[in-house]
Number of protein chains: 2
Amino acid sequence: MPDPDPVLKLLWRHHATSPDVAPRRGPKQKVSVDDVVDAAIDLADADGLAALSMRGLAQRLGLGAMTLYTYVATRNDLVVLMVDQVVGRRVLPPHPDDLRERLEQVARMQYDDCRAHPWLLDVTGLRAWLGPHVADRYEWQLGAVEGLGLDDIEMDQTVTLLATFGTGAARAEEAVRHAERETGMTDAVWWEANHEALTEVMAGREYPLAGRVGTAAGEAYQAASDPRRELDFGLARIVDGLVAHLAERAR
Amino acid sequence: MPDPDPVLKLLWRHHATSPDVAPRRGPKQKVSVDDVVDAAIDLADADGLAALSMRGLAQRLGLGAMTLYTYVATRNDLVVLMVDQVVGRRVLPPHPDDLRERLEQVARMQYDDCRAHPWLLDVTGLRAWLGPHVADRYEWQLGAVEGLGLDDIEMDQTVTLLATFGTGAARAEEAVRHAERETGMTDAVWWEANHEALTEVMAGREYPLAGRVGTAAGEAYQAASDPRRELDFGLARIVDGLVAHLAERAR
DNA sequence: CATATATTCCGTACGGCGTACGATGTCGTT
DNA sequence: AACGACATCGTACGCCGTACGGAATATATG
C-alpha cells in the first residue's frame, strides 16, 4: 500500500490533532503557509494561473525563490492549497425554502466562484483536493438536495450536474474574456476586422443555419455569444428536468 | 480597424479561392501543414497538450525545430489548427427521427470527441476557431434543433447547453484518468492509502451527508465517482428539461 | 555554557520551454 | 547567368520548475 499523500497534512493544517505546540528548531519562518497561499491567489487572480511562477511569488513575499519550497513541496501542491483556501472564502448561505432556488443556488455559487477566480477553471484532475473547505462545500451542496426523496447516489449525481453546469457556464464566459485580452479586441471588433477575410475564404461554402443563427445572436448580443443568458437558459432547463425527476421519485 | 487574423487563411487552406496554382519560389516544403498538424495531434493524443513541444514535434517530423515556424506562426496557431482538424475527422451522422435521441446525440458526440482527444479540454478561449470543420459541426448541431419551434437565439442556447454538458462530463472523466496517471494509483487504492491519514486529520469534523453519500458512491462505483453514469443521469435531466421547453414553445 | 541537531533561507545550476534572429542553401523568375 | 524569394535550421535569450548544497539560526542535549 502506498504512503499517504503528504499534502493532506498541509490542507488540514488548521485542524491538526496535535496543534504542534512543540516549538520547532531552527529559524522562525518569515511568513506563514496561509500568507504564501493568499499571495499566490492574488497573483493568479490578477494574471492567471499560467503567470503564477514560483520566482514571482517569492519576490512578492520578499523571499528567495527556493525558500518557497520550505512551505510547499511543489507548485502543484501550492495550487491544491489555493483551491481549498479560495473555496473557503465564501460563506455558505442557508438553503432557501423554494426548491428551484435551492438547486439554482448550487450552480450559481459554482459559477460565481469560477468567475471571481478564473484560474479555478485551469485546475483539473488533482485528486488530493479533499481539503476542509472543499469538504464543507460538498457537504453544503448535498444539504441542498437532502430530504427530497433521492437515494444517496442520485443526490451525488444531482449535485454534480448542477456544479458541472455552473463551471461550464463560467468557462464559456471566461473564454470570451480570455480572447479579448489575447487579441486586444472585443468580439464585435474582431468580427468587423475579420468579416471580409472570412467571407472571402469561405466562398462557396454554405452555412444556412449557422449564418442565420449567428447573425441573430450577433445582433441581440453585440457579440458572438452571451454566456450570461446561456447560464440562465441552461439552468432553467436543468432545474426543470431535476424537478420533474424529483416529482417522479416522490411519487 | 485591426488587420484580419492570418490564421484564418491557414484554417481554410483547403478551400482557397485562389488555389495557389502559382508555383512558389524557393525549395519545396519537406512536409505539408496537414502532416504537421496530424503529427501534433498524434503527440497530444499520446501525452497531452502540455507534453507537445515544438522541438519534439519537429523531431518527430525529421525537421529542425525552427523549421516548424515556416508552417505555423506560433504554437497557439498550431493548436487552433489541431482543433479544427480533429473535429473534422468525425463524420456527422444524420439526425435521428426521435427527438430525445437527436438532442442526446449532440451532447454525446461532444463527449466522445473530448474522450478521444482529451487535450481538447485544455484548449480554451481561442477566438479564431472558425475553421471549416468547426463551422460544419456547428451547422450540424443547429440542424438537430431546427424546425422545433425555437427562435434563433434559443436554438443557439439549446445547442450550447448540450455541448457544454458533454464537454463537462468528459472533463470529469478525464480528471479521474489524469489523477490516476499522476499518482500512479486508482481511486480505490488512493483511498485505501489515505483513509487512515484522512480520518486522523479530520478528527472532530463531522460530514454526515458527505460521509454517507461518499460511502454509498464508493461501494457502488469502486471509486469516488462514476462519470459515465453522471453523463447518463445529467443528460436525461437536461433532455427532459429541453423537451418540456419545446412542448411549451410549440403550444 | 558548549555542542549537536533540526530547520530555514537562498544562490547556483540543470534541463526544459517558445521563439527572435540571421546564415545558408535551393529553387523559379528574369 | 544573375537575382530574389523562400525553406531550413543552428544559436541564443529569457523564461520556467526545482535538485542540490552551504550558511545562518533556533532548540535540545551534554
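Proteins get letters first, then strands, A, B, ... in listed order; numbering begins at 1 in each.
At the phosphate of dT8(C), neither OP1 nor OP2 sits under 4.0 Å from any side-chain N or O atom of Thr67(A). Residue Ser53(A) places at least one side-chain N or O closer than 4.0 Å to OP1 or OP2 of dC16(D). Taking side-chain N and O atoms only, Arg25(A) has no distance below 4.0 Å to OP1 or OP2 of dT5(C). Close to dT8(D), at under 4.0 Å from its OP1 or OP2, lies a side-chain N or O of Tyr71(B). The shortest distance between the side-chain N/O atoms of Lys30(A) and the OP1/OP2 oxygens of dA24(D) is not below 4.0 Å.
Of the two residues near DNA chain D, Arg55(A) and Lys28(A), the one whose nearest nucleotide lies more 5' is Arg55(A). If Ala65(A) and Gly26(B) are placed on DNA chain D by their nearest nucleotide, the residue sitting closer to the 5' end is Gly26(B).
Using a 3.5 Å distance cut-off with no hydrogens or angles, the side chains of Thr74(A) and Asp77(A) do not pair a donor with an acceptor. For the residue pair Asp84(B) and Trp129(B), no side-chain donor N or O sits within less than 3.5 Å of a side-chain acceptor on the partner.
Using a 4.0 Å heavy-atom distance criterion, Leu78(A) is classed as making no nucleic acid contact. Using a 4.0 Å heavy-atom criterion, one finds that Leu68(B) contacts no nucleic acid atom at all. Using a 4.0 Å heavy-atom cutoff across all strands shown, Gly64(B) reaches sugar-phosphate atoms only and no base atom.
Computed from coordinates, the Tyr69(A) OH to dG17(D) C1' distance equals 5 Å when rounded to whole Å. Arg24(B) has its CZ atom 14 Å from the P atom of dA5(D), to the nearest Å. The distance between atom CG of Leu52(A) and atom P of dC16(D), rounded to the nearest whole Å, is 10 Å. Rounded to whole Å, atom C1' of dG18(C) lies 14 Å from atom CG of Leu49(B). Atom CG of Asn76(A) is separated from atom P of dG17(D) by 11 Å (rounded to the nearest Å). When the P atom of dG11(C) is taken as reference, atom CE of Met66(A) falls 11 Å away, rounded to whole Å. Gln59(B) places its CD atom 17 Å from the P atom of dT8(D), with the value rounded to the nearest Å. Rounded to an integer number of Å, the gap from CE of Met54(B) to C1' of dG15(C) is 19 Å.
Taking the side chain of Leu63(A) as heavy atoms from C-beta on, and the options dT8(C), dC10(C), dC9(D), the nearest nucleotide is dC10(C). Relative to the side chain of Gln29(B), the nucleotides dG17(D), dG18(C), dA7(D) differ in distance, and dA7(D) lies closest.
Using a 4.0 Å cut-off between a side-chain N of Lys or Arg and a carboxylate O of Asp or Glu, Lys30(B) and Asp35(B) do not qualify as a salt bridge. The pair Asp156(B)-Arg229(A) does not count as a salt bridge, with every side-chain nitrogen at least 4.0 angstrom from each carboxylate oxygen. Comment: Asp34(A) engages Arg13(A) in a salt bridge, judged by a side-chain N to carboxylate O separation of less than 4.0 angstrom.
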